[in-house]
J.: 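Okay, here's the structure, questions in a sec.
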Amino acid sequence: MFERTPMIAGNWKMNLSLDEAVALVEAIGSGIGNVSDVEVLVAPPFTHLAAVRGAIDASKIFLAAQNMHWEMSGAYTGEISGRMLQHSGCTHVILGHSERRTLFNETSEVVNLKVRAASFLGLIPVVCVGETLDERESERTFEVIKEQLDLSLDNFRADQMMPTSTILAYEPVWAIGTGKTATPEQAEEVHHFIRLWIEQTFNSGTAAQVRILYGGSVKPDNVKTLMAEPDIDGALVGGASLKSDSFVQLIRSQKA
Ligand code: 13P
């Protein structure tokens, strides 16, 4: 079986001052020491990216932005391009987070444009999907996830090729910031569905290599049971990534 390297990613959302962000990443860097069996990613706000990059060892901690525009440059007041993210030291970019989808009306078609631009530039997209509580309760979870995957990754489908470096994240909307974690069984059921979708849409080799992270109230005390599931390859963490103690603990305790 293909061994996928686990990943623990911190999505800092719209939190932390510049000084706090630099102090946090320095504390994470020293806290994790020479950890080598897990990839660590942090996603600060745009304004903190360059300073955070300057404060970390790029071989130990990868840097992501939380969003980007799909055009390379131009008259798009207030937007940030993928190339600008690369100039700030980013290797990854989170795309289609549920907060962007629900609060900023970002559709899967827009996510697809962003995924295409990121891939063109060589930025690794972390593409998020997830159902709302309403959708889960009306038993539409798989239908919603399939539609989000079909549309958000439409360009890869057209090419009949998805780069194996692509990272997917399953974040049930009802579990984000609520303290309600999906049970390992609930999460695995959807992760497995996503892996089968990759296999059916592309091929089994791609399905075996693409990492699928779980997000939604991941904490040091539940990360291990979640990651013990065969199709859960890591965590995309909000709240618990904002304190070095809990984030370092997550990284250290992820092993099954
Ligand atoms: P919480 O870990 O705070 O639930 O946030 C999850 C998330 O949205 C990560 O992208």
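As the structure lists them, so they are numbered: ligands from 1, and atoms in each ligand from 1. Position 1 is the first residue of the sequence; numbering continues from there.
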J.: Note the single closest protein heavy atom to atom 7 (C) of ligand 1, along with its residue, its atom name and the distance in Å.
T.: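 The protein heavy atom lying closest is E171 OE2, 3.2 Å.
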J.: Checking the side chain of E143 only, and the main-chain atoms of R140 only, is there a donor and an acceptor separated by less than 3.5 Å?
T.: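 Flag not set: sc E143 to bb R140 has no pair under 3.5 Å.
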J.: What atoms in ligand 1 come closer than 4.0 Å to a heavy atom of S217?
T.: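 In order of numbering, the contacting atoms are 1 (P), 2 (O), 4 (O).
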J.: Does the side chain of H97 pick up a donor-acceptor pair with the side chain of Q66 at under 3.5 Å?
T.: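 No, no side-chain donor-acceptor pair sits under 3.5 Å.
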J.: May I ask which of G238, P172, G177 has a heavy atom nearer to atom 4 (O) of ligand 1 than the others do?
T.: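 Residue with the shortest heavy-atom distance to the ligand atom: G177.
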J.: Any chance the side chains of R101 and S108 put a donor and an acceptor closer than 3.5 Å?
T.: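 Indeed, the side chains of R101 and S108 share at least one donor-acceptor pair under 3.5 Å.
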J.: For ligand 1, which part of N11 has a heavy atom less than 4.0 Å away: the side chain, the backbone, both, or neither?
T.: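 The side chain, only.
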J.: Say whether W70 and N112, considering side chains only, have a donor N or O and an acceptor N or O under 3.5 Å apart.
T.: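 Side chains of W70 and N112: no pair found under 3.5 Å.
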J.: Decide, yes or no, whether a salt bridge links R116 with D159 under the criterion of side-chain N to carboxylate O below 4.0 Å.
T.: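 No, R116 and D159 are not salt-bridged.
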J.: Can you find an N/O atom of T178 closer than 3.5 Å to an N/O atom of ligand 1?
T.: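 Looking only at distances, the answer is no, because the N/O contact criterion of under 3.5 Å is not met.
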J.: Short list, please: which atoms of ligand 1 are under 4.0 Å from a heavy atom of G216?
T.: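 Every atom of ligand 1 under 4.0 Å from some heavy atom of G216: 4 (O), 6 (C).
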J.: Quick one: which ligand 1 atoms are inside 4.0 Å of a heavy atom on A175?
T.: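 Within the 4.0 Å cut-off of A175, ligand 1 contributes 4 (O).
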J.: Can you tell me which residue and heavy atom of the protein come closest to atom 3 (O) of ligand 1, and the distance to 0.1 Å?
T.: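 Answer, as residue, atom name and distance: G239 N, 2.8 Å.
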J.: Please check: side-chain N/O of R4 versus main-chain N/O of D233, any donor-acceptor pairing under 3.5 Å?
T.: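 Not a single qualifying donor-acceptor pair exists.
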J.: Any nitrogen or oxygen of K13 lying under 3.5 Å from a nitrogen or oxygen in ligand 1? Just yes or no.
T.: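 Looking only at distances, the answer is yes, because the N/O contact criterion of under 3.5 Å is met.
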J.: Take atom CZ of R83 as the centre, draw a 6.0 Å sphere, and report whether it contains more than 12 heavy atoms from other residues, nucleotides or ligands.
T.: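 It does not: R83 CZ has 12 such atoms or fewer within range.
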